[in-house]
There are 2 protein chains.
Amino acid sequence: MAAKRTVRPLTDFDRPSVTVDLVLLTVRDGALCVLVIRREDQVAGEWALPGGFVHIDESLDETVARLLRDKAHLPGGFVEQLYTFGKPDRDPRGRVISVAYYALVPADRLEGGIVEAGDLALTKVEASLSGALPAVILPDGRLERLAFDHGEILKMAIGRLRGKLDYSAVGLELLPELFTLRQLQDVHEAILGARLAKPAFRRKMLDRGFLKPTGLLEKGAAFRPAELYRRV
Amino acid sequence: MAAKRTVRPLTDFDRPSVTVDLVLLTVRDGALCVLVIRREDQVAGEWALPGGFVHIDESLDETVARLLRDKAHLPGGFVEQLYTFGKPDRDPRGRVISVAYYALVPADRLEGGIVEAGDLALTKVEASLSGALPAVILPDGRLERLAFDHGEILKMAIGRLRGKLDYSAVGLELLPELFTLRQLQDVHEAILGARLAKPAFRRKMLDRGFLKPTGLLEKGAAFRPAELYRRV
DNA sequence: CCAAAAGTGTTACTGCTACACCCATGC
DNA sequence: GCATGGGTGTAGCAGTAACACTTTTGG
C-alpha cells in the first residue's frame with residue numbers, strides 16, 4: 001500500500017474528448033437572452049449551447065475566444081470559466097468532458113453578428129427563481145429545454161451572474177459605453193428576475209465607485225432625460 | 001460562413017489527457033496545511049499536489065473520491081470543484097488538462113491515514129495576503145514552491161476558501177463534531193492569516209445559525225472551560 | 001398645466017466593530 | 001486571591017430599505 005509508485009506514461013489511459021461549451025448571455029429589451037444552436041446530429045432538432053472541441057495545441061481560454069469569433073464575430077468582452085462537467089454519460093457521442101464558460105455581451109454589439117447563421121438563435125431565458133432548470137423561449141414562442149446537460153450549465157451561469165451582481169461591476173458588461181442608471185437597473189432586474197427599488201439601487205451603484213457621471217444627458221427621451229454614466 | 005455545419009466524429013480530434021488534481025487542506029496546530037507528494041518522474045524531487053488521471057468510465061467526482069481513498073483513506077468530507085487548468089505547456093509530459101478540486105478535512109481525521117506513504121506529506125502553507133504564489137514548508141523547515149502550475153492551483157484554493165469563510169459554514173468542515181468557538185476562530189485565523197476580534201467573531205457565528213450550543217463543556221482546560229458546539 | 005420619469009432627503013433598521021467589563025476555573 | 005481565557009453589554013458607525021418628496025422634460 002505504501003509501495004513506491006510506478007510512473008505510468010500518458011498513453012496508459014484512454015483519453016476523453018474535451019470540449020468548451022459557451023453560455024453567451026445578453027440583455028435585450030429588458031429580457032435575459034442566451035445564444036443557442038440547433039443541433040443536426042444525434043439530438044437533431046434539439047437546441048443546445050454552442051461549443052467546440054479543445055484543439056490539442058490551444059489553451060481553454062483560446063478555445064473560448066475561437067468560439068466567440070466563429071459564432072458571434074466577437075473579439076473581446078467579459079468571459080469567465082464556469083464549471084467543468086464530466087459525467088461519463090452526459091454526451092451520447094461518447095466520453096466528453098466539457099469545460100463551461102460564460103460570456104457577457106451588450107445587446108448592441110451582437111446585432112449583425114450572429115444573425116446570418118441560420119442555426120444560431122438568441123433566445124429569451126425563462127429562469128425560475130427556485131431550483132428548476134431554466135428553459136429558452138424560441139422565436140416562435142415555444143418554451144423548450146436544452147439538450148444534454150446544457151440546462152444545468154445555463155442554470156449555473158445564471159446563478160453565478162446573479163451572485164456577482166451583488167458585489168461586482170459585472171452588470172456594466174451588458175451595457176454600451178454610455179448608459180443611464182435606469183438601463184443598469186433594467187439589466188439587474190432582467191438577470192435577477194425581480195423588481196428593485198429605484199432610490200436604493202441608485203445609491204448602491206453610485207457608492208460602489210464603479211461608475212462616474214459624464215455630465216451628458218440621453219437624447220430623445222420622451223420625458224426628463226437621464227444623465228449618462230461611464231465605467232470606472 | 002453561414003454554411004450548414006458538418007458533423008464531425010469525436011475521433012477527428014487528438015485528445016488531451018485529463019487529470020484531477022486535489023488540494024487537500026486542513027488546519028493543524030493553528031496552521032493551514034496541504035497534502036503534497038514528492039514526484040519521482042520528470043520533475044523528480046519536486047513537490048506537487050496529489051492527482052490522478054480521470055478513467056474513461058468514471059465521473060470527475062468519482063475520480064476525486066478515488067484519490068481521497070487512495071491517498072488519505074478518507075471516505076467522505078467536504079469536496080468542491082475549483083477550476084480547470086488547460087494551458088498546453090502546463091505539464092512537461094504532454095497535453096494534460098487538469099480539473100482541480102479542493103477538500104477540507106479535520107486534522108484529527110487524517111492521523112494515521114497518510115503517514116504510512118513515504119512520499120506524501122502534510123506541509124504547512126506559507127500564503128501571503130497579497131498576490132504572490134504560496135509556498136509549502138517541508139518537514140525539515142525548507143520553504144519550497146510547488147511543481148507545474150500547482151502553486152497557482154493552491155493559491156486559488158486558498159482564495160476560494162477565504163471568500164467562503166465570510167458567508168458560509170465552511171470553517172466547520174475543519175473541526176471535529178464537537179468544538180469550541182475558540183477552535184473555530186483559530187481555524188478562521190489560520191486560513192485568513194490574520195487575527196480576528198473575539199466578541200465580533202462569536203456573535204457573527206452565533207447569529208448565522210450554522211451552529212448550536214450543546215451545553216457540554218470542554219475537558220482538561222487549564223482555565224475556565226469553554227462550551228462545546230455542534231453543526232446546524 | 002399635466003404626465004411621466006429622473007433624482008433627492010429623511011428615517012429607521014441591521015450587521016458589524018471597538019472597547020470595557022464580568023464570569024468561571026485551576027492553582 | 002490571582003492569573004487566564006471564556007463570555008457579555010453597550011455605544012457607534014456604515015450600508016441599505018422604505019417612503020415621501022422635488023425636479024425636469026415633452027406635449
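Note that these values count all heavy atoms, side chains included, but never hydrogens, waters or copies made by symmetry. The chains referred to below are lettered A, B, ... by the order of the sequence lines, with proteins before strands, and numbering in each begins at 1.
- Scored by the side chain to side chain contact (heavy atoms under 4.5 Å, CB included) test, A/Phe223 finds no partners at all (sequence neighbours excluded).
- Contact annotation: side chain of B/Lys198 to base of D/dG7, donor-acceptor pair present below 3.5 Å.
- A/Ala197 comes within 4.0 angstrom of no nucleic acid atom, judged by non-hydrogen atoms across all strands.
- Across every non-hydrogen atom of B/Arg142 and B/Asp140, the tightest pair is NH1-OD2, 2.7 Å.
- The pair A/Glu189-A/Arg195 counts as a salt bridge, with a side-chain nitrogen and a carboxylate oxygen less than 4.0 angstrom apart.
- Of the candidates D/dT4, D/dA17, C/dT8, the closest approach to any side-chain atom of A/Ala200 belongs to D/dA17.
- Put simply, the side chain of B/Arg182 and the base of D/dG7 share no donor and acceptor less than 3.5 Å apart.
- In this structure, A/Arg208 places its CZ atom 6 Å from P of D/dT16, rounding to the nearest Å.
- If you take CE of A/Met205 and C1' of C/dG7, they are 16 Å apart, rounded to a whole angstrom.
- Contact of A/Arg203 with C/dG9 (side chain to base): a donor-acceptor pair of N or O atoms is detected under 3.5 Å.
- B/Phe201 has its CZ atom 15 Å from the P atom of D/dT8, to the nearest Å.
- Atom P of nucleotide C/dA5 and atom CD of A/Gln185 are separated by 13 Å, given to the nearest angstrom.
- Evaluation of the side chain to side chain contact (heavy atoms under 4.5 Å, CB included) rule for A/Arg162 yields A/Ala127, A/Leu129, A/Ile158, A/Ile191, A/Leu192 as partners, not counting sequence neighbours.
- The base of C/dA24 lies outside donor-acceptor range of the side chain of B/Arg224, with no N or O pair under 3.5 Å.
- Between the side chain of B/Lys204 and the base of C/dG15, no donor-acceptor pair of N or O atoms lies under 3.5 Å.
- The NZ atom of A/Lys219 sits 11 Å away from the P atom of D/dT25 (whole-angstrom rounding).
- The distance from atom CG of A/Leu217 to atom C1' of C/dA6 is 10 Å, rounded to the nearest whole Å.
- Rounded to whole angstrom, the span from the CG atom of B/Leu216 across to the C1' atom of D/dG6 amounts to 16 Å.
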